[in-house]
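Below is one structure; the comments refer to it alone.
Residues take their numbers from the sequence shown, with the count starting at 1.
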Amino acid sequence: QVQLVESGGGLVQAGGSLRLSCAASGRTFSRYAMGWFRQAPGKEREFVAAIDWIGGKIRYADTVKGRFTISRDNAKNTVSLTMNSLKPEDTAVYYCAADRAVVASTLSVEYDYWGQGTQVTVSS
C-alpha cells in the first residue's frame, strides 16, 4: 500500500515556475514507477510525465516537453515536477500516481495509487 500527498501548487503568472512535490509512504516506494497527471475543468485526466523506478526512463507529454522536469529521490520517498514557462493552458489539478510496474507508463489505468491532487492556476 502506498499513500501519496502532493504539495506545491498555487497561483502563478504566465511564464513563471512552480515545483510540485509528492511524498509517498511505504518502504517499497523505490519499486514503483511514478507519474504526474492533470485534469482541467471539463476535461479528461491527461498524462504529464512519468519516471521509472530508478529514474532511468522518463517520459513527457508533448505539451510539456522542454518545460517540465520530473525527478525522484528514493531515499526521501519523493517525486517532484518542476514546471517552467507556465502557460494558462497548464491550469489544472495535478495528481501524483504510483504504478507497481517498474516501467514509466503514460496510461492512467496502469497506475495503482493516486494522491488527492494539488491545484495549479496560471494567470495570463
Side-chain angles (χ1 to χ4, degrees):
Q1 188 83 9
V2 175
Q3 292 185 326
L4 305 172
V5 179
E6 302 97 333
S7 62
L11 173 64
V12 64
Q13 288 188 331
S17 299
L18 279 176
R19 187 170 187 264
L20 305 183
S21 293
C22 175
S25 64
R27 292 177 291 179
T28 59
F29 171 78
S30 63
R31 301 178 187 176
Y32 291 79
M34 300 297 296
W36 286 96
F37 292 77
R38 66 187 182 186
Q39 188 167 18
K43 294 187 177 181
E44 293 187 353
R45 190 171 297 186
E46 65 175 4
F47 169 75
V48 175
I51 186 168
D52 71 1
W53 66 298
I54 57 171
K57 177 69 174 180
I58 291 175
R59 305 175 76 173
Y60 295 101
D62 288 342
T63 52
V64 307
K65 199 172 294 184
R67 299 188 298 123
F68 290 12
T69 302
I70 188 172
S71 60
R72 68 187 297 161
D73 186 336
N74 287 342
K76 296 182 179 179
N77 280 14
T78 59
V79 61
S80 299
L81 184 69
T82 301
M83 306 184 295
N84 297 320
S85 302
L86 282 162
K87 305 174 181 180
E89 50 264 44
D90 293 318
T91 295
V93 177
Y94 283 70
Y95 297 91
C96 171
D99 181 359
R100 282 177 290 188
V102 298
V103 297
S105 176
T106 64
L107 302 176
S108 60
V109 294
E110 298 288 335
Y111 287 79
D112 304 289
Y113 304 102
W114 292 83
Q116 82 290 347
T118 186
Q119 176 70 47
V120 171
T121 303
V122 184
S123 62
S124 58

Distance check, rounded to the nearest 0.5 Å: [X] atom [atom1] versus [Y] atom [atom2]?
| X | Y | atom1 | atom2 | value |
| --- | --- | --- | --- | --- |
| Asp99 | Ile51 | CG | CD1 | 13.5 Å |
| Asn74 | Ile54 | CG | CD1 | 9.5 Å |
| Leu18 | Leu11 | CG | CG | 9.0 Å |
| Tyr113 | Cys96 | OH | SG | 13.5 Å |
| Phe37 | Leu81 | CZ | CG | 12.0 Å |
| Thr63 | Glu46 | OG1 | CD | 5.5 Å |

Compute both the distance and the angle, then confirm whether Arg72 meets the cation-pi test with Phe29: under 6.0 Å from the six-membered ring centre, within 45 degrees of the axis. yes
When you measure from the centre of the six-membered ring of Trp114, is the NZ or CZ of Arg45 closer than 6.0 Å and no more than 45° off the axis? yes
Hydrogens and angles aside, do Ser80 and Arg19 bring a side-chain donor and acceptor to less than 3.5 Å of each other? yes
Indicate whether the side chain of Thr78 and that of Asp73 have a donor and an acceptor atom separated by less than 3.5 Å. no
Would you say the side chain of [Y] lies within less than 4.5 Å of the side chain of [X], judging by non-hydrogen atoms?
| X | Y | answer |
| --- | --- | --- |
| Asp90 | Arg67 | yes |
| Tyr32 | Leu4 | no |
| Phe68 | Ile70 | no |

Is there a donor-acceptor pair closer than 3.5 Å between any side-chain N or O of [X] and the backbone N or O of [Y]?
| X | Y | result |
| --- | --- | --- |
| Arg38 | Tyr95 | no |
| Thr91 | Val122 | yes |
| Glu6 | Thr118 | no |
| Tyr111 | Ser105 | yes |

Heavy-atom closest pair, residues Ala92 and Ala40: CB-N, 3.8 Å
Nearest heavy-atom neighbours spanning Gly117 and Val93: CA-CG1, 3.8 Å
Are Asp52 and Arg59 close enough for a salt bridge, meaning some N to O gap below 4.0 Å? no
Taking 4.0 angstrom as the limit, do Asp62 and Lys65 come out as a salt bridge? yes
Test log, rule side-chain contact (heavy atoms from CB on, under 4.5 Å), inputs Tyr94 and Met83: CA-CA 12 Å; Tyr94 283 70; Met83 306 184 295; 3.9 Å; yes
Verify side-chain contact (heavy atoms from CB on, under 4.5 Å) between Phe47 and Leu107, making sure each step is shown before the conclusion. CA-CA 7 Å; Phe47 169 75; Leu107 302 176; over 6 Å; no
Applying side-chain contact (heavy atoms from CB on, under 4.5 Å), run through Tyr60 and Thr69 and close with a yes or a no. CA-CA 8 Å; Tyr60 295 101; Thr69 302; 3.8 Å; yes
